[in-house]
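Here the structure comes first, spelled out in structure tokens, and everything after it is commentary.
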Amino acid sequence: MPHDPAAPVSSRLLANLNPEQLAAVTLPPEPGLILAGAGSGKTRVLTTRIAWLLQTGQVSPGGLMAVTFTNKAAKEMLTRLGAMLPFNVRGMWIGTFHGLCNRFLRAHWKQAGLPQSFQILDSGDSLSAVKRVIKGMKLDEERFVPKQVAWFIAGAKEEGKRPKDVDVHDPHSQKLAEIYQAYEDQCQREGVVDFAELMLRSYELMRDDAALRQHYRHRFQHILVDEFQDTNRLQYAWLKMFAGDPAQGDVPCAVFAVGDDDQSIYAFRGARVGNMADFEREFRVARLIKLERNYRSFGNILDSANALISRNTGRLGKNLRTEAGPGEPVRIYEATSDFAEAAWLLEELQQLHRGGMARSECALLYRSNAQSRVIESALFNAGVPYRVYGGLRFFERAEVKHALAYLRLIENPNDDTSFLRVVNFPARGIGTRSVEQLQEVARASGRSLYQGVSGLGGTAGAKVAAFNRLIDGLRASTQGQTLRVIIEQVLAASGLIDFYRTEKEGQDRIENLEELVNAAEAFVTIEGFGKDAVALPVDEMGQTGPTASELLPDAETGEILSPLAAFLTHAALEAGDNQAQAGQDAVQMMTVHAAKGLEFDAVFITGLEEGLFPHENSVTEADGLEEERRLMYVAITRARQRLYISHSQTRMLHGQTRYNVKSRFLDELPEEALKWLTPKRQAFGSGAGFGGGYGAPSRPAWTPAPAPPPSWASPVPAAMARSAAESSGHGLRPKQAVFHNKFGEGVVLALEGKGADARAQVNFGRHGTKWLALSVAKLTPID
DNA sequence: GTGCAGTTTGCCTGC
DNA sequence: CAAACTGCAC
């Protein structure tokens, strides 16, 4: 049944949709799969469908669930819906998988076998919990590397497996299963859950509780899933629990799955593109709708993306087209060093800005967070405002985690992870030895560290008891207080503020702690806590504030989660990406992963080098390489008007200079869409007429795109770099543009002295003119 | 038990 | 290159 054309609201809603979009939006209430290419208006289709379903009265706000993958996407959806709908959208089941699982478990904590105030472990917490388990089992950390074990446990959970379900084929895997079991016991004892547990626990509760299952299946008539290609096995199974599983003979509700197999970039955390095909088959999707018209990018950008992704195998098949013209060519730049690359980025950014482009419309993308540093310092030194997403996030900073640990202990004193973090921070005379004793006592009696104090005598026992009293006192005195007061009191009473005040480098940390108070304040304002909910504030970056919305009343008692509990949840599920630096018109910096779902007028993709992008850990398997290619595809398709791609001959990594060869992905782009800002070079050693390039014996010479050398570490540029340095000593000349780590870009005015005494006078612009000893100062020439 | 200096080790991506 | 870890003097 199409919409009622007489309804004025819905016809306005549906105006300007293309036929495919319209078909998707108004799909009858049955399972549907939408293959939505990058920039094809996917989010618009999703939000419009939700609004259309609601406005035509086909479903009530409570009868609909929409799941996204990232917090960014969830926010985006809520913001857009908030603008389309006349009522507050916060109460609706719209959020990330993990956010919704949390909400579900908060409401049914008792059935799920959790304490009411269970805490959520982020990956760092989870890793230290694993470490404790391994230590407790007296196992060798060499043989059972905590990181790998944590990885193994998360992987098992994502497959829906409990310790008893894990494949055991040798003593090692046997032990792994035992560690997994011990980890689980420990988490249960402490009342904490990790990310994967949120999913698995809610899945199992639904699976095992028929009444609950019936309740939710009756409730949700429509479930919309964004980024379906990124779902893992468990998430798909979870979905079937809520929607009804056709394989079990259920009649499923209207699941509206939107995805793009070409943008599947989360295989490393269990994503299964195959879920799309499985869904189509299992849910007997009658009509698969493809959205292939791109509204975002100009032709050259799109052609580049299409050409690149066409090298992947086993695609569902889709080709983006646009009606915009070719636009600007894709510009490619080769830098001599990562510093020079940063200097070039800066220069191009300034030029775009002078040309009238907003800084916030420029994005700098990189494969891994470590690359942001050099770029950041270049921007910082030039005084260009920027904003970094991801990396060390706000709620993951050490001082913030310390403060949160105190808050978590107030909520749940059995949270041993938090207990260990702060029992002796700031120092209160409880050293390693005392803590070990306490751990032994607690383990022996099967109690938490907090409870274990009763079995610990002597001065150590007295000191721990004093710590417990501190926590208890804080719990009592903060009862019923506002979040701001609670946090301020904790910061003062714990001694955290005093501690950082005496630290040399403590000022920044104190500022972050103050920022934590602000974040809490903002959180309370936005969430509203049952009172009249406040309209979504939108900051200058177009993003809304925190979106916890986990304030569902308890299913049995009707009790509303305390502000503190809600805030702690918010801190665990959202890393607080937009706490700092919000506001001004700033250049956007993030990893390619973080950029998914976003778009910008100008995009710079940096570090297109073998070993980095594609990442060296990925090139050994075909699957890995294809995922890297999809990642590059995602990166390219973020750009609306201008796309720049850069690579560098050398790069600092692990404190050493690495010599890199340009990425194979550059050779996979269509030449006619490109413009090389620096001379295009063949893989070294393959002069004109040599065809196949050097060092690629596995490929015949006639291969159209010669494979890059097997190793990304080319010895040749290294030799070139050496000879350049040897011939001129320092490689500098007057008027040479240089880059300094601290002062940024400068121009050499004069040179004097030789060898170890060589000095250069450099004008750094806003940092003034300085004489630098070349044996000490690192000056990198910029071409 | 604390704090410092020296040494080692690791950086891929994220809810 | 830095964070994280280890060893040592107070």
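A note on names: the letters A, B, ... follow the listed sequences, proteins ahead of strands, and every chain is numbered from 1.
Contact of A/Arg269 with B/dT13 (side chain to base): no donor-acceptor pair of N or O atoms is detected under 3.5 Å.
For A/His593 and A/Tyr366, the ring centers sit 6.0 Å or farther from each other. Checked against a 6.0 Å centroid threshold, the rings of A/His647 and A/Phe613 do not count as neighbours.
Put simply, CD1 on A/Ile265 is 11 Å from P on B/dC15, counting in whole angstrom units. At whole-Å resolution of the value, CG in A/Leu653 and P in B/dC12 are 9 Å apart. Taking atom CE of A/Met632 as the reference point, atom P of B/dC12 lies 20 Å away to the nearest angstrom. Distance A/Glu396 CD to B/dC15 C1': 10 Å, rounded to the nearest Å. Distance CD (A/Glu610) to C1' (B/dC12): 15 Å, rounded to an integer number of Å. Following rounding to the nearest Å, A/His654 (NE2) and B/dG10 (P) show an atom-to-atom distance of 8 Å. Atoms CG (A/Leu612) and C1' (B/dT13) sit 12 Å apart, rounded to a whole Å. Atom C1' of nucleotide B/dC15 and atom CZ of A/Phe395 are separated by 15 Å, given to the nearest angstrom.
Cation-pi check for A/Lys463 over A/Phe467 is not met; the charged atom does not lie both under 6.0 angstrom from the ring centroid and within 45 degrees of its normal. A cation-pi arrangement is not found for A/Arg201 relative to A/Phe118, the charged atom failing to lie both closer than 6.0 Å to the ring centre and inside a 45° cone about the ring normal. Cation-pi geometry between A/Arg393 and A/Phe395 is not met at under 6.0 angstrom from the ring centre and within 45 degrees of the axis. The cationic atom of A/Lys72 (NZ for Lys, CZ for Arg) lies less than 6.0 Å from the six-membered ring centre of A/Tyr389 and within 45° of the ring axis.
The pair A/Arg162-A/Glu197 meets the salt-bridge criterion, since a charged nitrogen lies less than 4.0 angstrom from a carboxylate oxygen.
Across all strands shown, A/Phe69 has heavy atoms under 4.0 Å from sugar-phosphate atoms exclusively, and none from any base. Residue-level contact check: A/Asp122 touches neither bases nor backbone, having no heavy atom under 4.0 Å from any strand.
With a 3.5 Å ceiling on both atom-pair distances, B/dC12 lacks any Watson-Crick or G-U wobble partner. In this entry C/dA9 has B/dT2 as its Watson-Crick or G-U wobble partner, both defining distances falling under 3.5 Å.
Here B/dC12 is the nucleotide among B/dC12, B/dC15, B/dT13 with the atom lying nearest to any side-chain atom of A/His615. Each of C/dC5, B/dC15, B/dG14 was ranked by its minimum atom distance to the side chain of A/His98; first place goes to B/dC15.
Within residues 424-431 of chain A, the residues having any heavy atom closer than 4.0 Å to DNA chain B are, in order of number, A/Asn424, A/Ala427, A/Arg428, A/Gly429, A/Ile430, A/Gly431. DNA chain B lies under 4.0 Å from no heavy atom of any residue of residues 620-629 of chain A.
Note on ring orientation: taking the six-membered ring where Trp is involved, the planes of A/Phe242 and A/Trp93 are tilted (angle from 30° to 60°). The aromatic rings of A/Tyr500 and A/Phe425 lie tilted to each other, with the angle between the two planes from 30° to 60°. Ring orientation note: the planes of A/Trp238 and A/Phe97 are nearly perpendicular, at an angle over 60° on the 30°/60° scale.
Proximity of A/Lys157 to the phosphate of B/dC15: no side-chain N or O atom is located under 4.0 Å from OP1 or OP2. Here A/Asn71 does not reach the OP1 or OP2 of B/dC15: none of its side-chain N or O atoms lies under 4.0 Å away. For B/dT13, the OP1/OP2 oxygens have no side-chain nitrogen or oxygen of A/Asn617 closer than 4.0 Å. OP1 or OP2 of B/dG14 lies within a sub-4.0 Å distance of a side-chain N or O belonging to A/Thr591. Phosphate proximity of B/dC15 to A/Ser123: absent, as no side-chain N or O sits under 4.0 Å from OP1 or OP2.
Between A/Ala305 and A/Ile636, the shortest heavy-atom contact is CB-CG2, 3.8 Å.
A residue-by-residue look at A/Thr70 and A/Ser368 shows that A/Ser368 has its nearest nucleotide of DNA chain B further toward the 5' end. Comparing A/Leu631 and A/Gly655 along DNA chain B, the residue whose closest nucleotide (by nearest heavy atom) sits nearer the 5' end is A/Gly655.
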